[in-house]
Amino acid sequence: MLTGRPRGTNDILPDEAARWRHVESLYRRTFLCAGYGEIRTPVFEHTELFQRGVGADTDIVEKEMYSFTDRGGRSVTLRPEGTAPVVRAYLEHGLHGQPQPIKLFYVSSPMFRYDRPQAGRYRQFHQAGAEVFGAADPAADAEVIALAAGFFRALGLRGFSVRLNSIGCPGCRPAYRERLRTYYAPHLGAVCDDCRRRFEQNPLRLLDCKRDRALAAGAPSVLEHLCGDCASHFRAVQEYLHDLGVDFVLDPGIVRGLDYYTRTVFEVVHGQLGAQSSLCGGGRYDGLVEACGGPPTPAVGFALGMERLLLTLQQEGVALPVSGGLDVFVAIAGGAGEADQARRAAAVLVARLRAEGVSADMDLAGRSLKAQMRYAAKYPARFVAIMGEEELARGTVALRDMERGTQEELSLGAVVERVRALRAACPD
Ligand code: HAM
C-alpha cells in the first residue's frame, strides 16, 4: 500500500454508509417538514470569512484552520464550521432582501479542524446544522433546540441532555467579563497557559477550561448578570421549551468556543462520549450578519457532529439499517458455449430489472453456478433467477425464492412483475 489515510480522517465503508444515509434522510425530513430549505456551500472559503466570522482569538482560528495560499496568491481555508459560510451565502444571494425568516439546513457537510485526533474528534468530520435568519423571537431559539432534540429522540437516542445558557449581549456582557476577571485575577498563577491568554482576550472561555474545572464551578454565574432584555428573552426561551416538552438543564458553564454568540447558547451532551461529550452545539448570533457586511439581522442555529452521533447511536445499541441485500441475483448456468449466450441475456434482464427499480446483479467473474449461488447468498439476494441452456431456449428463467425455498419457471417478461408482487408481500 502506498500510503494510509491522513491522520484524523475516516473512510466510510458500505455498512457504515447505510447508517449515515438513514441518519441523513431522517434529518432532511425533520427540517424540510419544519419549513427549512437545504443549502450547500463550498468546502473552502476566503480565510478572512472565518477570521472575521468565527473570531481571530478563538482556538479554531488561532490553531485549527487548514489555510493555504492558492495558485492565485489568495489565502483560502477549508471550512472549519458552517455558520460563517451560510451567512456569506445569505448575503451574497440577497436572501436578506426576501421575506424573513430564512430557514436553512445542511447535512453531512465536511468540516476541517487541525486538532489532536481522538475518539469522536477528527480533522475531517461532518456536520448537520440549521440556521434561521431574521427571527429575533425567542420562539426561534426554542424551535431549533426542539428540532435538534426531537431529531435525536426520533433516531432512538436516549442518554442525551440539553444544556442551556445565555451569555448576554454586547450591552451586558462587558460588565460580566470584568466580574470574571476580578474573580480569576488572584488565581492566575495557578491556571493553565491557555487560561492566562483567555483572561486577557476572552474571559468567558475561562469557564470552558477542562483543566481548571473547580475554579470555573465557583465563578460568578452569567445568568445573574444579564440585562433586562436578555433575561426576559431567556425566560421566554425556557417557557417555550417547557411548552414543547423539551427537557433541559440550565448550565452557566456553556460558553461555546466561537465568538459570534449572543444570548441563548446550548449544547446537547451525551454521557458515553467521554471527553468529546458534545454532540451538538449552537445558539443565537445576532451580530454576525452585520459583522460580515450585512444589515443588522438576528439569527440562531446549531450544528451536530455526524461522527459523534453515529458513535453514540452505536454505543447505545440503537439498531440502524445495514447495507446489502438485493432483490434478484441473475445466475448463469450451462457450459462455456451456452453460458456466453446466457450471460448476454442475463445482462439484458439485469438492466431491465434495474430500470424498473428492482435491485439486481449478476456474476462478472466467470464463477461456476455453485459459486454464484454462494455469492448471491452473501448479499443476501431474495431471489435468484437462473438462466440456463433450456430456459434460454424457452425464453424463460427459473426464479428461486431464497426465503421460501420455492422455485417456479417464468417468462422473461413476467419476472419483474413477479418479483415486485412477492417483494411487496415480504416484510422489510
Ligand atoms: P461547534 O460546537 O464547533 O459549533 O461544532 C458543532 C458540533 O460539531 C460539535 O458539537 C461536535 O459534535 C462536532 N465537532 C466539532 N469539532 C469536531 C471534530 N474535530 N471532530 C468531530 N466532530 C466535531 C459550530 O461549528 C457552530 N457552527 C454551530 C452553530 C451553527 N452555531 C450556530 N449555528
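Since this is a predicted model, take the numbers as computed values, not measurements. Each ligand, and each atom within it, is numbered from 1 in the order the structure gives.
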Salt-bridge present (R21, E24; N to O < 4.0 Å): no

Could you list each nitrogen or oxygen of ligand 1 that sits under 3.5 Å from a protein nitrogen or oxygen, with the atom names and the distance?
unit_1	atom_1	unit_2	atom_2	d
ligand 1	2 (O)	R256	NH1	3.0
ligand 1	2 (O)	R256	NH2	2.9
ligand 1	3 (O)	R113	NH1	3.0
ligand 1	3 (O)	R113	NH2	2.9
ligand 1	4 (O)	R256	NH2	2.9
ligand 1	5 (O)	Q127	NE2	3.1
ligand 1	8 (O)	Q127	NE2	3.1
ligand 1	10 (O)	S278	O	3.3
ligand 1	10 (O)	S278	OG	3.0
ligand 1	10 (O)	C280	N	3.3
ligand 1	12 (O)	S278	O	3.1
ligand 1	12 (O)	L279	O	3.0
ligand 1	12 (O)	G305	N	3.1
ligand 1	16 (N)	R113	NH1	3.4
ligand 1	19 (N)	Y122	O	2.9
ligand 1	20 (N)	Y122	N	2.9
ligand 1	25 (O)	R113	NH2	3.1
ligand 1	25 (O)	Q127	NE2	3.0
ligand 1	27 (N)	E81	OE1	2.6
ligand 1	27 (N)	T83	OG1	2.9
ligand 1	27 (N)	Y260	OH	2.9
ligand 1	31 (N)	Y261	OH	2.6
ligand 1	33 (N)	T83	OG1	3.1
ligand 1	33 (N)	E131	OE1	2.8
ligand 1	33 (N)	E131	OE2	3.1
ligand 1	33 (N)	F302	N	3.2

Extract all donor-acceptor atom pairs below 3.5 Å that involve side chains of residues 215-228 and protein atoms in other chains or at least two apart in sequence.
unit_1	atom_1	unit_2	atom_2	d
S221	OG	L223	N	3.1
H225	ND1	S221	O	2.9
H225	NE2	R179	NH1	3.2

salt_bridge(E267, R256) N-O dist < 4.0 Å: yes

Stepwise ring pair (Phe, Tyr, Trp, His ring centres under 6.0 Å) check, Y90 with F133: CA-CA 9 Å; Y90 170 79; F133 296 98; 4.3 Å; yes

side-chain hydrogen bond (donor to acceptor under 3.5 Å, both in side chains) partners of E316, counting only residues at least two apart: H270

Residue pairs, two or more places apart or on separate chains, that pass side chain to side chain donor-acceptor pair (under 3.5 Å) and touch residues 149-171: S161-R163, R163-D251

